[in-house]
Amino acid sequence: MSNNNKTGVLGKILIILVLLYLYAPIFVLMLLSFNESRYNSLPFAFTLDWYRDLAEDRALMEAAKNSMVLALITGIICVILGTMFILGQRYLARRTEGIFNSIVMMPMSIPWLIMGLSSLLMIRQLGFEKNMIFVALGHIVISLPYSLLVLRARISSLDKSLEEMSASLGAGPLTTFRRITLPALAPAMIAGGFLSFMISFDNFPISYFLMPSGYSTLPIEIQLSIKFGFTPEINALSTVIIGFSLVVLAIVGLIMRSNIKSLVGGDN
Amino acid sequence: MARVNLKNITKVYGSNTVVDHINLDVEDGSLVSILGPSGCGKTTTLRMIAGFEIPDDGEVLFDDQPVGRVPVNKRNIGMVFQSYALFPHMTVAQNVAYGLEQHGVPKSEIPGRVMDALERVHMAEYAQRKPKQLSGGQQQRVALARALVIRPSVMLLDECLSALDKKLRVEMQSELRRLLEESKVTTFFVTHDQEEAMTLSDRIVVMHDGIIEQTGTPREVYESPRNRFVADFLGKADFFEGKLVSAGNGIVTIATENSELTLTGSTTAAPGEDVLFAVRPEHVIMNPAVGAETPVGALRGKINHIIYSGNVISSIVDCGGMMVRTEATGGSLSREPQRGEEVILSWEPDYLIQLEK
Ligand SMILES: Nc1ncnc2c1ncn2[C@@H]1O[C@H](COP(=O)(O)OP(=O)(O)OP(=O)(O)O)[C@@H](O)[C@H]1O
Ligand SMILES: [Mg+2]
């Protein structure tokens with residue numbers, strides 16, 4: 001009995017320590033975004049000044065908008081490419097499938113720094129100017145594997161007999177895709193898209209190397225502003241981003257839950 | 001509603017010939033069971049009829065028309081898979097309606113036909129449920145309704161009852177039989193359960209290693225199996241193998257490895273030929289041995305062990321090293337057999353089956 005109790009208390013302490021380790025920095029940051037002191041010093045005095053500053057900071061807002069658009073485009077294209085890829089893969093021979101797989105998943109195991117640098121060198125060699133399209137392409141290349149991971153897990157559990165059944169009931173390939181395959185893949189498409197969105201939104205090295213002058217993204221802008229003197233504005237911005245991620249995550253979670261409930265049905 | 005012919009159809013995976021030049025003619029509206037051990041190519045055969053697989057050789061004909069170039073969705077088939085494959089994101093009613101929509105049935109007619117089909121499988125009150133809210137037997141009935149509602153000309157059922165427990169399976173068998181007879185659809189029924197094949201079908205096709213071993217009515221296949229595999233796969237059998245010594249007067253004498261056996265029955269083989277005979281255990285009559293004489297054509301032995309399985313009592317009799325199985329329905333025995341008892345085994349001449357060597 002007492003032994004059991006001890007392990008129980010110990011376990012709880014351990015869990016609290018792990019949670020602190022994971023989330024304390026974020027929590028402190030969020031707290032400081034509401035603190036009056038410019039130098040993050042105590043005592044704590046509540047203010048919304050930094051949020052006001054943030055809203056008025058042209059450069060930061062522009063960068064935020066760029067990041068958002070870039071991540072959105074990356075997420076959407078990754079989902080489309082990823083879906084096409086895993087669907088096409090089912091018609092390939094094992095060997096070919098393996099080769100294609102390695103090629104597409106490769107960027108996951110190459111440091112982004114090197115990806116960014118080598119892309120820059122290649123663009124230069126080919127005589128192109130840096131532009132946003134290359135940035136987007138770079139982001140897509142590094143984010144695609146993450147979408148693929150999620151999609152692949154889903155499709156491997158997707159029963160091929162559902163599509164065959166649809167055909168036997170008279171449906172052509174397009175109808176089968178629209179009414180059977182797509183609904184089954186939808187949760188994974190949303191989750192995969194979100195993951196790619198986040199990878200892109202977060203990315204510093206690729207953007208840093210490929211971004212044409214006059215443009216910037218949030219990670220770049222944050223890096224710059226830290227270099228030239230830190231303001232709690234960044235804290236406020238980070239808090240907004242965290243809040244935004246949590247909301248998106250919650251929405252995705254809700255969609256997935258309801259979708260999985262109705263979709264996965266029998267296969268547990 | 002269609003006559004189906006399989007002409008030399010063959011399927012090869014790599015170096016593995018999974019279905020090997022199969023020929024089969026199936027009458028319009030009849031129910032054929034494809035029976036065979038796991039991996040013998042039953043599903044592959046069915047999938048070629050459906051159009052999911054393209055035969056590497058030979059062709060499939062519906063009403064004498066080759067369907068090689070007809071895609072699955074134009075073949076007008078009804079399928080039920082072992083896994084049922086109900087669409088998980090649709091309700092029962094939507095599942096059943098799906099095929100009707102694809103066949104261009106007018107929207108106004110669909111609800112009526114869906115309910116009609118569900119009523120026939122006693123699932124009407126579950127129309128608004130999702131598949132995962134149904135039991136295995138209920139899902140199976142929905143799958144059946146979904147396949148039947150489009151009035152297919154060929155019905156393909158792949159071990160669709162095997163996931164059910166024994167009692168439900170037997171219930172579903174008779175229900176299935178009734179449904180299929182009502183709709184008069186040509187049906188292929190794949191199973192590896194011989195009892196199911198017997199009770200359900202007009203004809204049985206016994207497959208083994210990609211070839212057809214025998215086709216016939218359940219009675220033909222059971223009572224006159226062609227070879228050892230069929231005799232063994234459908235029911236149980238005692239085998240007697242050896243060189244024919246003589247035959248005549250209702251007695252067959254064969255030389256086995258270590259002795260000579262006289263068996264009641266007749267044969268078309270000539271003396272000196274290798275022969276193989278079989279007797280069904282339920283045809284073997286077991287009597288206590290009185291005196292030292294063994295009647296000609298009978299076997300003498302000692303009961304080695306007894307297997308009690310409710311309605312049937314099987315005695316395994318040791319006849320000089322050869323084990324012979326006998327079966328009696330519980331009620332028909334005048335007294336319980338005893339282990340170690342000396343017995344005489346005999347049968348009517350017609351029950352000795354000559355098999356191909
Ligand atoms: N797509 C495939 N690729 C390679 N081999 C296959 C394929 N499909 C089936 N086979 C092989 O073909 C053989 C026959 O398979 P099939 O599914 O027709 O057997 P079955 O008679 O239906 O068996 P079961 O009773 O277990 O369902 C098996 O040995 C199987 O391994
Ligand atoms: Mg099978």
Side-chain angles (χ1 to χ4, degrees), chain A residues 83 87 90-98 150-151 153-192 252-268, chain B residues 14 43 46-47 49-53 70-92 94-105 129-136 138-139 142-143 145-152 154-158 163:
Chain A
T83 307
L87 288 176
R90 297 198 292 179
Y91 300 100
L92 292 178
R94 258 305 129 71
R95 261 284 271 309
T96 340
E97 185 190 326
V150 178
L151 282 165
R154 180 76 192 122
I155 198 136
S156 63
S157 72
L158 171 70
D159 200 348
K160 208 165 183 175
S161 61
L162 290 182
E163 290 161 305
E164 291 182 344
M165 186 54 73
S166 169
S168 83
L169 289 168
L174 269 178
T175 311
T176 297
F177 177 73
R178 192 170 51 80
R179 294 201 50 189
I180 309 297
T181 318
L182 214 51
L185 287 182
M189 289 168 71
I190 293 169
V252 169
L254 277 178
I255 294 174
M256 299 259 290
R257 175 99 61 83
S258 65
N259 253 314
I260 284 172
K261 263 194 192 147
S262 60
L263 280 175
V264 184
D267 67 16
N268 44 11
Chain B
T43 299
L46 213 60
R47 291 173 62 81
I49 302 172
F52 294 127
E53 310 284 352
V70 183
V72 180
N73 54 321
K74 298 272 158 54
R75 289 198 185 187
N76 197 26
I77 48 168
M79 278 209 90
V80 179
F81 290 128
Q82 182 172 353
S83 62
Y84 311 140
L86 295 178
F87 304 132
H89 56 297
M90 302 183 190
T91 63
V92 165
Q94 286 167 339
N95 262 279
V96 178
Y98 189 84
L100 294 175
E101 291 160 13
Q102 305 310 325
H103 279 78
V105 173
R129 292 229 195 150
K130 288 280 177 70
K132 60 158 187 194
Q133 298 168 312
L134 302 176
S135 75
Q138 292 168 333
Q139 289 184 27
V142 176
R146 180 178 62 176
L148 280 170
V149 75
I150 58 172
R151 297 180 187 145
V154 179
M155 188 80 165
L156 304 166
L157 309 173
D158 192 354

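Below, read A as the first sequence line, B as the second, and so on, with proteins coming before strands; counting in each chain starts at 1. All values below come from the heavy atoms of this structure, side chains included, with hydrogens, waters and symmetry mates left out.
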Does any backbone or side-chain atom of I150(B) lie under 4.5 Å from a heavy atom of chain A? Answer side chain, backbone, both or neither.
side chain
For F52(B), is it the side chain, the backbone, both or neither that has a heavy atom under 4.5 Å from a heavy atom of chain A?
side chain
Interchain contact, R146(B) with chain A, by part (heavy-atom threshold 4.5 Å):
both
Using 0.5 Å steps for rounding, measure from the CG atom of L182(A) to the NE2 atom of H89(B).
9.5 Å
Separation between CE (M79(B)) and OG (S166(A)), nearest 0.5 Å, reads 13.5 Å
Measure the CG-OG1 distance between N73(B) and T175(A) for me, rounded to the nearest 0.5 Å.
8.5 Å
Between L162(A) and P88(B) the two heavy atoms that sit nearest each other are CD1-CD, 3.8 Å
Is there a donor-acceptor pair under 3.5 Å between the side chain of H103(B) and the backbone N or O of L169(A)?
yes
Would you call R179(A) and F87(B) a side-chain contact if the rule is heavy atoms closer than 4.5 Å?
no
Report which part of E101(B) has an atom under 4.5 Å of a heavy atom belonging to chain A: side chain, backbone, both, or neither.
side chain
Heavy atoms, side chains only, cut-off 4.5 Å: are F81(B) and E164(A) in contact?
yes
Answer with side chain, backbone, both or neither: which region of L100(B) has an atom nearer than 4.5 Å to a non-hydrogen atom of chain A?
neither
